[in-house]
> 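I am attaching a structure below and will ask some questions about it afterwards.
Chain naming here is simple, since letters A, B, ... match the order of the sequence lines and numbering starts at 1 in each.
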Amino acid sequence: MNPDGGGSSSSPPPPSASRGAGAEAKEEERGGKQVVVVLVGPPGSGKSTFADAVVAGSNAGRRWVRICQDTIGNGKAGTKIQCLKATSDALKEGKSVLIDRCNLEREQRADFVKLGSTLHVDVHAVALDLPAKVCISRAVSRKGHEGNLQGGKAALVVNRMLQKKETPLLTEGFSRIMSCNDDGDIKKAVDLYNALGPSDSLPSGIFCQKSKGPVQVGIMKFLKKGDTSTVEKSSGPKITLSETKPEQQKPLPKHEKVEEGMSCPMEIEKGLNDKNENEEHAKECDSDTAADFLQKFDNITYIRLVLVDLSEKSRILSLVKEKASKKSIDCSRFFTFVGDITQLHTKGGLRCSVIANAANWRLKPGGGGVNAAIFSAAGESLHHATKKCADALRPGTSVVVPLPSISPLHQREGVTHVIHVLGPNMNPMRPDYLKNDYIKGSKILHEAYNSLFENFASIVRGHMGKQNEKLGPEMSASGGTSPNDTKMKREDSHGSERMKKHKLLPPIMTVKQQHECTKANMPNYHDKSITSSAAPNQAREGDTKKSGVVASKTWGSWAQALYELAMHPEKYKNTDSIMETSDEFIVLKDLYPKAKRHVLVISRTDGLDSLADVKKEHLPLLRRMHSAGVKWAQKFLEEDASLVFRLGYHSVPSMRQLHLHIISQDFDSTSLKNKKHWNSFTTPFFRDSVDVIEEIEQHGSATASSDEKILAMELRCHRCRSAHPNIPKLKSHIANCKSSFPSHLLQKNRLTSS
DNA sequence: GTTCTAGAAC
DNA sequence: GTTCTAGAAC
């Protein structure tokens with residue numbers, strides 16, 4: 001029978017090379033290959049159900065026993081020692097064991113791993129990674145729980161536990177790790193173990209179940225699409241770096257969200273990989289540099305690295321994968337992907353905004369492999385854009401090329417930047433030929449990856465070259481980034497109409513409508529009287545001049561209110577909503593404040609609707625808007641010193657006309673009603689003004705904007721990051737949460753307080 | 001039965 | 001952006 005039970009992985013079981021002859025003999029004595037399955041999951045994740053289902057449903061002759069700490073002491077709560085003893089006894093009787101305890105921390109499961117290894121038995125981890133809110137709500141509402149953990153107490157416990165969760169790693173000693181993200185995954189995993197006969201073994205390695213889940217599937221969802229079932233023809237391995245936008249986020253307890261990712265083709269190390277013994281060097285370079293890189297971005301930005309290869313059989317891919325797991329790199333932040341790097345979105349379901357190209361030294365489109373494929377997929381515009389940035393590359397260096405929005409690769413796959421990178425050159429026909437100096441080759445390879453990651457970092461965080469801590473003068477240009485080129489495709493709020501190809505025409509008000517607005521004294525956010533009768537979303541012909549095609553958003557009729565105010569503040573001077581007016585901006589009390597204090601600094605520049613429109617020329621304006629915001633925050637602090645303010649923009653605003661939010665972090669407001677409200681101020685969807693300014697200084701555009709998918713993320717406290725099942729519960733939590741703010745908010749004056 | 005969310009309409 | 005409401009979740 002197939003021990004993989006028709007599951008999602010097609011990898012054949014590896015030879016049990018790690019086991020000595022003695023172990024095999026012991027197995028024979030016991031009459032099979034036993035296994036210890038360590039379940040990993042918080043209360044409410046369904047560990048007991050899982051274990052019971054495996055025990056009850058075993059249909060292949062394997063004997064299973066569930067060991068549950070809650071019941072081990074004659075039905076009463078027991079100790080870990082008792083569990084270990086029971087495990088040992090069961091194994092000696094020839095049974096396989098399911099450890100039914102939370103085991104969320106490495107230390108908690110270490111003894112079981114050790115026991116397995118002492119007895120020469122494989123130890124698997126099955127992580128039940130359901131969304132926190134699912135676990136919480138199940139744990140809270142269950143009745144008659146064996147450990148009596150239910151009701152309100154359960155929510156607290158689950159939250160506390162999830163903060164400490166450590167993802168199981170192969171380095172801990174597990175031979176196989178499987179993670180399940182929804183009930184479907186769990187069912188599959190149960191089936192897999194049920195079908196496991198006494199002599200069968202499951203393939204070792206990490207198996208992320210990536211099925212489509214209901215809501216918070218996040219990265220796992222699109223990883224699923226990387227399943228080896230859609231493998232294409234191989235032309236050699238490649239690593240690709242790309243900025244990855246997952247379809248949806250699954251917040252992880254510690255380093256929360258992953259948002260920006262980069263994929264790179266393995267061809268960077270082409271020369272080195274010609275010889276098998278040098279694969280070691282290559283994988284070291286990949287995973288070491290990746291690990292360092294990810295560590296730098298831990299907790300700061302949602303970064304992901306994706307290693308791409310056309311072939312599932314790639315030896316490099318599996319070596320890197322293995323190495324990465326040993327390096328304790330979070331498998332959701334650095335993972336391998338089988339597929340075509342030029343079709344990551346359309347074929348692979350990955351949203352990679354940045355891809356790395358294993359270029360040639362002349363940065364020519366030709367050649368073969370991934371370079372030719374990327375140039376061909378990206379069209380002429382990549383060639384032109386590349387020429388603008390650099391003429392040639394030295395081995396070990398890389399260059400960022402913003403991909404013009406007319407490029408098919410930009411339009412179809414959402415790629416905004418290509419980073420050309422040149423690895424070591426082992427080809428005697430080329431300059432800088434290294435002969436057979438593989439040590440030097442590895443060094444250059446390392447440099448190449450460093451350069452690549454640095455450049456990727458600069459795209460994500462706007463850190464080109466040296467970090468500039470203050471809002472000082474402009475930094476030097478970043479390789480000719482044109483803001484228009486970096487605009488992302490977006491859909492309108494109904495998701496029905498693709499974005500227009502041209503810049504939009506601001507609506508023209510009819511005389512009658514102007515009259516109505518004046519009469520009302522304030523533009524009504526949802527009153528269609530403000531809407532132009534002249535089709536507000538029509539394209540303006542003359543605006544296509546320079547870069548031609550510009551992705552832009554269509555604005556609904558209700559989205560015009562701020563524009564109207566900014567253009568004609570004098571009409572609304574009688575209201576007390578406008579707090580300040582200047583030539584450049586107005587300051588307005590938000591009509592539906594989401595906190596005790598919530599004001600908007602609205603730019604008065606016509607045509608500047610959102611961050612996507614902001615270019616270097618707007619920097620002085622942005623700095624002055626920021627200063628005005630700080631000034632108002634300070635004014636509010638004089639009235640209430642307990643407030644804390646954050647200044648920032650929405651990545652994708654709902655209302656047109658660029659506006660900066662100044663919002664107190666109490667979020668104490670009846671107008672804060674839903675998940676979108678909450679997440680728009682407490683996830684990376686909210687772009688701190690200081691970061692936006694820095695990005696534009698260094699990049700010429702706001703590059704790290706997050707997309708609207710993030711607004712559907714689960715609800716987490718903005719201070720302690722605990723998860724909550726719904727808005728009312730979240731609000732009652734934040735009313736009392738006294739935790740300090742996450743560390744990244746405490747830096748760079750992202751928070752303003754007294 | 002009540003609470004809460006999410007999608008449509010504006 | 002908000003409001004409204006069907007229907008899911010409790």
> With heavy atoms under 4.0 Å as the rule, sort A:K594 into base, sugar-phosphate or nothing.
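The answer is sugar-phosphate, as A:K594 gets under 4.0 Å only of primed atoms, P, OP1 or OP2.
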
> Looking only at side-chain N and O atoms, does A:K676 come under 4.0 Å of OP1 or OP2 in C:dG1?
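Answer no for this pair, as no side-chain N or O of A:K676 is under 4.0 Å from OP1 or OP2.
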
> CG of A:D590 versus P of C:dT2: gap in Å, rounded?
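Whole-Å distance recorded here is 8 Å.
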
> Would you mind reading off the distance between A:N674 atom CG and B:dC4 atom P, rounded to a whole angstrom?
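Going from CG in A:N674 over to P in B:dC4 covers 14 Å.
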
> Take atom CG of A:L711 and atom C1' of B:dT5, then tell me their distance rounded to the nearest Å.
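Checked: the CG to C1' distance equals 15 Å.
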
> B:dA6 C1' sits how many Å from A:M713 CE, rounded?
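Spelled out: CE on A:M713 to C1' on B:dA6 is 18 Å.
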
> Take atom NZ of A:K631 as the centre, draw a 6.0 Å sphere, and report whether it contains more than 12 heavy atoms from other residues, nucleotides or ligands.
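Result for NZ/A:K631: enclosed.
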
> When all nucleic acid strands are considered with a 4.0 Å heavy-atom cut-off, which category describes A:H677: base, sugar-phosphate, or nothing?
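Sugar-phosphate: the residue A:H677, judged by heavy atoms under 4.0 Å, touches backbone atoms but no base.
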
> Keeping the roles fixed (side chain from A:R716, backbone from A:R721), state whether a donor-acceptor pair exists under 3.5 Å.
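Side chain of A:R716 to backbone of A:R721: a pair is present.
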
> In terms of ring plane angle, is the pair A:H661 and A:H650 parallel, tilted or perpendicular, where the classes change at 30° and 60°?
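Rings of A:H661 and A:H650: tilted, 30 to 60°.
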
> Between B:dC4, B:dA6, C:dT2, which nucleotide has the shortest distance from any of its atoms to the side chain of A:Y592?
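The answer is C:dT2.
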
> Between A:I727 (CD1) and C:dT2 (C1'), how many Å, whole number?
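About 15 Å, once rounded to whole Å.
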
> For the pair made of CH2 in A:W555 and P in C:dT2, what is the distance, rounded to whole Å?
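Taking CH2 of A:W555 and P of C:dT2, I get 15 Å after rounding.
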
> Could you check A:F667 against A:H718 for ring-ring contact (aromatic ring centres under 6.0 Å, His included), going step by step and ending with a plain yes or no?
CA-CA 10 Å; A:F667 297 110; A:H718 60 312; 5.0 Å; yes

> Rounded to whole angstrom units, what separation is found between the CD atom of A:E564 and the C1' atom of C:dG1?
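To the nearest whole Å, that distance equals 16 Å.
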
> Over how many whole Å does the gap from A:N726 atom CG to B:dT2 atom P extend?
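After rounding, the gap between these two atoms is 18 Å.
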
